[in-house]
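Have a look at the structure below, then the notes.
Every chain is numbered from 1, with letters handed out A, B, ... down the list of sequences. Because the structure is a prediction, the values reported are computed rather than measured.
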There are 2 protein chains.
Amino acid sequence: MSLPDLTNYFIFARVVAAGSISAGARELNMPKSTVSRRLTELEEEQGIRLVHRTRKGLKLTDIGQAFLIHCETLVSAAEAAQQVTQLMLAAPRGKVHVSAPYALSQSLLTELLPPFMKAYPEINVELTVTNRPINLVDEGVDVALRVRASIEDSSLIARPLADSPGTLYGAPALLAEHGVPKHPLDLLHFPHLSLHYTSGRYTYQLSAEDGEQLTLSFNPRLVTDDMLVLREAAVQGEGLVALPNYLCADAVASGQLQRVLPNWHLPVGIMHLVYPHRRGLLPAVRVFIDYMVAHIPVLAQRSLLIG
Amino acid sequence: MSLPDLTNYFIFARVVAAGSISAGARELNMPKSTVSRRLTELEEEQGIRLVHRTRKGLKLTDIGQAFLIHCETLVSAAEAAQQVTQLMLAAPRGKVHVSAPYALSQSLLTELLPPFMKAYPEINVELTVTNRPINLVDEGVDVALRVRASIEDSSLIARPLADSPGTLYGAPALLAEHGVPKHPLDLLHFPHLSLHYTSGRYTYQLSAEDGEQLTLSFNPRLVTDDMLVLREAAVQGEGLVALPNYLCADAVASGQLQRVLPNWHLPVGIMHLVYPHRRGLLPAVRVFIDYMVAHIPVLAQRSLLIG
DNA sequence: AACTTACGTTCCAATAATGGAACGTTATTT
DNA sequence: AAATAACGTTCCATTATTGGAACGTAAGTT
């Protein structure tokens, strides 16, 4: 099967509307030689004469008339299709599919989404909250909020938002029971809670301010992929846990949690946005990204100052 | 303005239906390199990503989904357009616009059209009867029946049907009154009737059987472009007239008219069909031509034998 | 684990489409 | 009557498109 060149149908419709090959060529901004050739081509392809060429304008054959009707709906369909894309490109509108882990969703996005949606009433947001690592393309996600030790995914564009330093936290009661740790080795006497790691290996990578580094293995009593669950468990005194500071700022202020070994730092997580292909980014997605890039660092900074 | 290549819309719709670029390429019978390139081309032209490419099949974006709907109506329109032409090509059907002069229409076509239309029930005939010379293209005529001294029109295809010899005719009463002419010069005493000629010059070009030629000018008493009017006027004894023999056979048989100078011949008219461009001839027009070519010579011959 | 299959993309010589200029006609203007 | 303008077509060097082969990658198979 050899597929027909539908552009010829388009040209045919435009030429008939214009009344002559020359006029059609002018409207189409093409040389009339091309228009003439393509029209003849169409007739040969169809095996039928569609227009009679006279000196002054063209004259449709009966079959050309019937053929034209379908060509016109074809042109309309093409224009409608174009409008679909051009509408989405003309202004920030349409759906933005966002993905975020629970912790970030319930803190940052809870705060930022309402004002964002108020600022862009034509944008609909679909928010998928999950801690599972997702494939943006497979799940049809436009932009994902992530915290990782490093930004490595090469096929995606990443926009760093803020560093997310973490510390060990524990409930005052737990610390009273086991004694406040002075040195990392004191941690071995404690129960521990941790995020789930597919590697199955659980360690603290601690670094002191003088540069000293220490890696400590532990067996977690509780493993989950929800940081908020970890925080609540820690508040209940179930064990020590490594968490981003911004998540614990409130709990520390209210006395529910206490920093453990505050002079030893955990690896800094980098909070960032990722999205596919910088090219062809829809305005709706672009303004979402811009909005988050503009506001998340401020919010994160505020949390850190408090924490 | 650069016009979009609508074939890309078509390819897009087919690829989505097939589920992958490779499968779409197979269905379209195109190399996948081309399909891949054209799809990317379409996305760049629209400035928007329409499909996400994954290893196993494609995934439409939301906008791609909306875009696709219009592409599908576009494909339907293209198929409908094709059907219009292919239907007309598949069998003799549709309209045939025929043009003929009065004389031929009322003799030959009156006899041949009914059986033709019975033989091809899907064909509709539109018959324009006029003696005025017509431009086939301008008037949208598919095929014209003509009688001319020569076949000269170069832009048309001509199919000769039969020679149409002519003679001078007169009513017996008129001949009794003025005396039966023995020699062309005797014609000068008669009143004459004639077809209308735009040249304004009226002559008889007589040739004897021994090759002798004679051109005789005359002033017609009656000029019309309808041969049947001339014949009736001649029957009424209004004057002599040069007419095709087949037209007068009946009148001669019934004694209403008589041949004048039967040994002197008028220029032979050639009855023929003309139609534009042998290429792209519709089956309906083709079978009409074939039918006339098959039957008119027989009918004409019969008339001549009688006459 | 190694192998096979199937996907989408890229490369580049072979091929096809393009478009400015010239042509032959015809209607209109000078 | 001559000149001009406009039409559709054709020509052919330039330009753009094509498609087979090779590539990198991921899923299924031995």
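Taking atom NZ of residue A:K32 and atom P of nucleotide D:dA6, one finds them 10 Å apart after rounding to whole Å. Between B:L42 atom CG and C:dT9 atom P there is a gap of 13 Å when expressed in whole angstrom units. One can place CD1 of A:I21 at 11 Å from P of D:dC7, the figure rounded to the nearest angstrom. The separation between B:M30 atom CE and D:dT17 atom C1' is 11 Å, rounded to whole Å. If you measure from atom CG of A:L39 to atom P of D:dT10, you get 12 Å, rounded to the nearest angstrom. Atom CG of B:L58 and atom C1' of C:dA6 are 13 Å apart (whole Å). One atom, CZ of A:F12, and another, P of D:dG8, lie 14 Å apart when rounded to the nearest Å. For A:L28 and C:dG19, the CG to C1' distance is 14 Å, given to the nearest whole Å.
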Inset, instruction - Show the numbers, then the answer: is there a side-chain contact (heavy atoms from CB on, under 4.5 Å) between A:L136 and A:S99? - result: CA-CA 9 Å; A:L136 296 211; A:S99 168; 5.5 Å; no

Inset, instruction - Quick one: do A:E72 and A:Y9 satisfy side-chain contact (heavy atoms from CB on, under 4.5 Å)? Show the steps, please. - result: CA-CA 9 Å; A:E72 281 170 346; A:Y9 293 50; over 6 Å; no

Inset, instruction - May I have the step-by-step check of salt bridge (Lys or Arg N to Asp or Glu O under 4.0 Å) for A:E43 and A:R53, ending in yes or no? - result: CA-CA 12 Å; A:E43 290 183 322; A:R53 289 115 163 113; 2.9 Å; yes

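For A:S33 against C:dG20, a side-chain-to-base donor-acceptor contact under 3.5 Å is present. With hydrogens and angles ignored, no donor-acceptor pair under 3.5 angstrom links the side chain of B:R37 to the base of C:dG8. Judged by atom type and distance alone, A:S36 does not reach the base of D:dG8 through any side-chain donor-acceptor pair under 3.5 Å.
Proximity of B:R26 to the phosphate of C:dC7: a side-chain N or O atom is located under 4.0 Å from OP1 or OP2. Within the 4.0 Å cut-off from OP1 or OP2 of D:dT18, not a single side-chain nitrogen or oxygen of B:T34 is found.
Proximity note for B:S20 (side chain, C-beta onward) versus D:dT18, C:dC7, D:dG8: the nearest is C:dC7. Checking C:dT9, D:dT18, D:dG8 against every side-chain atom of B:R38, the shortest atom distance belongs to D:dT18.
Between A:K95 and A:D142 there is no salt bridge, since none of the side-chain N atoms of the basic residue sits less than 4.0 Å from a carboxylate O of the acidic one.
Within a 6.0 Å radius of CD in B:E45, more than 12 heavy atoms belonging to other residues, nucleotides or ligands are found.
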